[in-house]
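Below: the structure, in structure tokens.
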Number of protein chains: 2
Amino acid sequence: MTIYDISKKAGVSIATVSRVLNGSTNVKPRTRKKVMDIIEQYGYKPNAFARGLGLNSMKTIGILCADASDLYLAKAIYYIEQKLRENGYHSVLCCTGYDIEAKKESVNLLLSQHVDAIVMIGSNFIMNTPEDNQYIKDAAATVPIMLLNADFDCNNVYCTLCDDYKATQDATEQLINGGAKDILYLYNSNSYSGLKKLAGFQNALLTHDIPLKKQFMQCFKGSHEDIDGVKGFVESLHAKGLKFDAIVTSDDFLAVGSMNFARANHIKVPSELQVIGYNNSILSHCSEPELSSIDNRLEDMCIQLVKTLIGTLTQNEMPQKTIFSGELIKRGSTRI
Amino acid sequence: MTIYDISKKAGVSIATVSRVLNGSTNVKPRTRKKVMDIIEQYGYKPNAFARGLGLNSMKTIGILCADASDLYLAKAIYYIEQKLRENGYHSVLCCTGYDIEAKKESVNLLLSQHVDAIVMIGSNFIMNTPEDNQYIKDAAATVPIMLLNADFDCNNVYCTLCDDYKATQDATEQLINGGAKDILYLYNSNSYSGLKKLAGFQNALLTHDIPLKKQFMQCFKGSHEDIDGVKGFVESLHAKGLKFDAIVTSDDFLAVGSMNFARANHIKVPSELQVIGYNNSILSHCSEPELSSIDNRLEDMCIQLVKTLIGTLTQNEMPQKTIFSGELIKRGSTRI
DNA sequence: GATTTTATTGTAAACGCTTACAACATTTTT
DNA sequence: AAAAATGTTGTAAGCGTTTACAATAAAATC
């Protein structure tokens, strides 16, 4: 069933059918109805390829994320997909993993598919070296690139992010002001934002004239699923004699793992050990006590990202950077 | 940059370039190299629309799920996307929500995009009435439909599922054999599998001559995020005077909410109340004690689903139904 | 070396749509 | 009522591929 079949049955030209389908130009109401009825009757659906070929756009946005099974990324996908659909766009998803080559390949794939824009979810798309980030610049030469929770200066690259640095600094300072002495910072590899948060943590200590010690900033290298691994990791630090009365983390799963460690070692939370998570995910409602966690306003960010995206695609001038402020949501795992 | 540009620069016809790109037919090695070099040099990427128009396939699989932010569904997306990519396919994602109309619309969208197959993740794609399921049959007339964790008899529809019925029955029987007397079953709306699990629960009771009581089978209507809501829900049952010494659930978040209820009411788990979750998700590692949960082998199912899918697309005869067995993973929330 | 067979390449017709432009019909203006 | 303006529709030329078929080149056979 093609546009020709419909045009024949409706007794009009294919151009008219096309016009009815696209709704743009004027079609006489009676003609429109006639065509619509035929379309309805035969359940005709235009071929998206042919349409894409003609328009060179398929109203499709490519979404990249390292790992859709990560709680946080999954939620972002959900929000963004939903908002895009509300705007008449749909999305092609690629989970790239954390390897740079896979990311580059995925970008190429999306470009060859002529997506109208590419959304990259998570700071792990930004690498340490300019050469490794060249792929973003290259892609930006073709389509707008929207980064969620990552910061990158480049024309046609739009960033929507949360000031993780400040949020972590604030939370840490609250702990310090509340009397915490030895604060352990726990982050996971896999992302730039972990380092940003770390910087915020360090700045909080420096502001209060607390010397930075390397062993108080630990990177957990395992997966975001491996809560037991985190527990073991913290346990090993503890066994080595490291003393801490608070833990600030870059992700809720690290915090939950830390709390499991505490429980197993009969360390009371929050009286003997305070714990702060990040992302304010569902995990923060599962532990006992519930987890204080930094909320970085994911939904707001996603809404904003799509708004900027649609604006850009419709030729409006859009701000290249939108920064939200995170906020510590206090629950039972802290005394502050 | 089109295939014409490349053909001109390489001094061959577009057909030869196309053959090089598709690798199928014979091309003289020297010619191939010459063309490849030009392609490399100019970074040429074929236009996916035109290709799709020609081939009427874009090596794309449509993935539907109600809500990518659901832990379980997100993991499934992840596994499936990954496996598909390994097989040279990519995926278009649509999150449909739980509304039937939205689902139908999404299916149409995917069909108009000429996806090679559609994967539906979750039992919520199966409705209660045959009319409401017609959309699946219609879609199956065009492309193979792969259902994950749902059961539907129809030509060209392939189901990969876990025997939730039996898994729940087994787990419940284990509780009964372990001495549990008043077992509450807690499920969430939104899915057929919840009802299947419920049936398994009921069968376990019947097998042990325990009369079924309506108030011991409760449906939580809130979101999968709303752990506090679950807690309140169980609390209200408790306040109404319902006595239970075990809770079997259809999802880990219900189990975690139940445990939060128990803690708040100083009911000891597992000595006074045993709790069993479903999905064996990350949530089962967050609570204290850790949650016993039924594992329904999601990864295995996803691997199998993609295997069946690829087989079907390559014209191999594939089993229409593959059923895995779930298994109770015992942790601290049960005494069995 | 002529003939047959096989490997390689080119030509041209789809694929199903959009849209500029032309043609025609209708309404408004004079 | 003719002329001009406007509204509606049709014609045909792309869009960038794939691929059947034809044409040519190379290899094998006689």
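Given the structure is predicted, the values throughout are model-derived calculations rather than measurements. To find a chain, count down the sequence lines: A is the first, B the second, and so on, and within it residues start at 1.
Residue Ala15(A) has its side chain nearest to dT19(C) when only dT17(D), dG10(C), dT19(C) are considered. Of all nucleotides listed (dG16(D), dT9(D), dT8(C)), dG16(D) comes nearest to the side chain of Leu53(B). With dT8(D), dG16(D), dG10(C) as the choices, the nucleotide that has an atom nearest any side-chain atom of Ser13(B) turns out to be dG10(C). Distances from the side chain of Lys28(B) to the nucleotides dT9(C), dT9(D), dC17(C) place dT9(C) closest. Which of dT18(C), dT9(C), dT19(D) sits closest to the side chain of Thr31(B) comes down to dT9(C).
Side-chain N/O atoms of Thr16(A) include one lying less than 4.0 angstrom from OP1 or OP2 on dG10(D). For Ser18(A) and dT18(C), the shortest distance from a side-chain N or O to OP1 or OP2 is below 4.0 Å. Contact check, Arg19(A) against dT19(C): no side-chain N or O comes under 4.0 Å of OP1 or OP2. One finds no side-chain N or O of Thr2(A) lying less than 4.0 angstrom from the OP1 or OP2 phosphate oxygen of dG16(C).
Rounded to a whole Å, the CG atom of Asp5(A) is 10 Å from the C1' atom of dG16(C). In this structure, Ile6(A) places its CD1 atom 13 Å from C1' of dC17(C), rounding to the nearest Å. In this entry the distance linking CD1 of Ile14(A) with C1' of dG10(D) reads 9 Å, nearest Å.
Taking 4.0 Å as the cut-off between side-chain N and carboxylate O, Lys104(A) and Asp138(A) do not count as a salt-bridged pair. Ionic pairing of Lys83(A) and Glu299(A) is not present here: no N-O contact between side-chain nitrogen and carboxylate oxygen is shorter than 4.0 angstrom. Here Lys103(A) does not pair with Asp99(A) in a salt bridge; the nearest charged N to carboxylate O distance is not below 4.0 Å. With respect to Lys33(A) and Glu40(A), no salt bridge is recorded, no charged nitrogen being found less than 4.0 Å from a carboxylate O.
Across its full length, the helix from dG1(C)-dC30(D) to dT30(C)-dA1(D) shows an angle of 40° between the axes of its 5 terminal pairs at either end, rounded to 10 degrees.
Tested against Leu305(A) for a side-chain contact (heavy atoms from CB on, under 4.5 Å), the candidates Leu148(A), Asp300(A), Ile310(A), Leu161(A) yield a single pass: Leu148(A).
Less than 4.0 Å separates DNA chain C from at least one heavy atom of each of the following residues of residues 37-47 of chain A: Tyr44(A), Pro46(A), Asn47(A).
With sequence neighbours excluded, no residue satisfies ring pair (Phe, Tyr, Trp, His ring centres under 6.0 Å) with His90(A).
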